[in-house]
Enquirer: 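Structure provided below as structure tokens; questions to follow.
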Protein chains: 2
Amino acid sequence: MREAALRLFAQEGYAAVSMRRIAAEVGVQAGALYNYTPDKQTLLFDLMRAHMEDLLAAWDDLPPEGCARAALETFTRFHIRFNTGRADAVFVSYMELRNLEPANFAVIEGLRRDYETRLEMILRRGVAEGTFAVTEPRIAAMALIAMLTGVNTWFRARGRLSLAEVEALYWDMVRKAVAV
Amino acid sequence: MREAALRLFAQEGYAAVSMRRIAAEVGVQAGALYNYTPDKQTLLFDLMRAHMEDLLAAWDDLPPEGCARAALETFTRFHIRFNTGRADAVFVSYMELRNLEPANFAVIEGLRRDYETRLEMILRRGVAEGTFAVTEPRIAAMALIAMLTGVNTWFRARGRLSLAEVEALYWDMVRKAVAV
DNA sequence: GTCTATATTCTGATAGAC
DNA sequence: GTCTATCAGAATATAGAC
């Protein structure tokens, strides 16, 4: 059910997809879905929370780097690789924020801020080490994440460029963007 | 009607907003809206096309710059200023692409590609002049546009930073990202 | 050009049989 | 745990009075 819902929400939007449509995709009747989620809103919220928590857990599981520059490269490559592998979840977690009830919205926003803070701290460390020139680390973090997430709008796994080549291209821009 | 529709589509999403809701916002009954648009889909399409055409026209109206570096600074500041001033239209034109019928989608996508090409050509010129180091100008253009458009997710006109300060912050990153 | 009224279809969610 | 059947309301769009 979650797989079908994620795919349909990404393709057509939360509001445009009915529970009947999700059920048909799964191969059951609409009523059966309510054995797995109390309602449609909770289904959306659970999908978004699972994605954000997976993202944070995957990053926190990586071994810590030495210098800030190494950490920034790791972050850049991690973000691209993780997000291109879950395009539907990334799309839904960004596009459907406005369809969350206020309490659910606050939770997802908190997780998003946590993730931005991971990058912000790397940038601050680089400034302290003298290798980065960034006057507004929080804003730079949001700008870099926006740039990296944008890969999802055009990247195709069987396209001209491999994931490794894309990582290298973006790392080159990120590296220079924060350079002294 | 268009103002109300744009605001509501941005806040709640195309699929989640009914014609009755737009009519109520305007102060008429739902039936009256059909004197101004043949249907809801055309209303969405017209809003998106008008935004993209305004964007292209506004850019093309700017006087041409001399060197590529000057053109890139002009583009950076133009994009931030134009988009922060029309947050609803930017949001709808990106988020509601999936709710366009195929023929309408193709038109909007074409306009988007036209805009990306404007930046791509600046980057190519900079490479030719020897002032930029960009191996994939098309991808760099998409990456920079994604970063710049991301301003809209956090910028508030009455926030800590003025628009001029934001422009300067982003220009600093853009300038370095494509530097030799 | 706006109104009221309506046709038709779909919506999220629930009840109860099995 | 899935099914059928259903409730109550909302959706887009249209018709015709004024």
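Source: prediction; values computed, not measured. Just so we're on the same page: letters track the sequence lines, and every chain starts at 1.
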Enquirer: Can you sort out the partners of A:F78 under ring-ring contact (aromatic ring centres under 6.0 Å, His included), two or more places apart, ordered by chain and number?
Expert: A:W59, A:F82
Enquirer: State whether a side-chain donor-acceptor pair under 3.5 Å links B:T117 with B:R138.
Expert: yes
Enquirer: Tell me, please, which residues at least two apart from A:E101 pass salt bridge (charged side-chain N to carboxylate O under 4.0 Å, His left out).
Expert: none
Enquirer: Partners of B:Y34 by ring-ring contact (aromatic ring centres under 6.0 Å, His included), sequence neighbours excluded?
Expert: none
Enquirer: Could I get the full list of side chain to side chain donor-acceptor pair (under 3.5 Å) partners for A:Y94, not counting sequence neighbours?
Expert: none
Enquirer: Considering only heavy atoms of chain A and a distance under 4.0 Å, specify the first and last nucleotide of DNA chain C in 5' to 3' order that meet this criterion.
Expert: C:dT11 to C:dT14
Enquirer: Among residues at least two apart in sequence or on other chains, which ones pass side chain to side chain donor-acceptor pair (under 3.5 Å) with B:D60?
Expert: B:R118
Enquirer: For DNA chain D, what residues of residues 33-40 of chain A have any heavy atom nearer than 4.0 Å?
Expert: A:N35, A:Y36
Enquirer: Looking at every non-hydrogen atom in both residues, tell me the closest pair between A:L33 and A:M19 and how far apart they are.
Expert: CD1-O, 3.3 Å
Enquirer: For the CD atom on B:E3, are there more than 12 heavy atoms of other groups (residues, nucleotides or ligands in this structure) within a distance under 6.0 Å?
Expert: no
Enquirer: Identify, residue by residue, the members of residues 95-108 of chain B with a heavy atom below 4.0 Å from DNA chain D, and return them in order of residue number, or none.
Expert: none
Enquirer: In chain order, what residues pass the side chain to side chain donor-acceptor pair (under 3.5 Å) check against B:D88, with sequence neighbours excluded?
Expert: none
Enquirer: List in chain and number order the residues that pass side chain to side chain donor-acceptor pair (under 3.5 Å) with B:D39, two or more places apart in sequence or in another chain; answer none if no residue qualifies.
Expert: B:T42
Enquirer: By a strict heavy-atom criterion of less than 4.0 Å, which residues belonging to residues 11-20 of chain A are in contact with DNA chain C?
Expert: A:V17, A:S18, A:M19, A:R20
Enquirer: Could you check whether any side-chain N or O of A:E96 sits under 3.5 Å from a backbone N or O of A:Y14, counting only pairs where one atom can act as donor and the other as acceptor?
Expert: yes
Enquirer: Using the test ring-ring contact (aromatic ring centres under 6.0 Å, His included), find all partners of B:Y170 that sit at least two apart in sequence or belong to another chain.
Expert: none
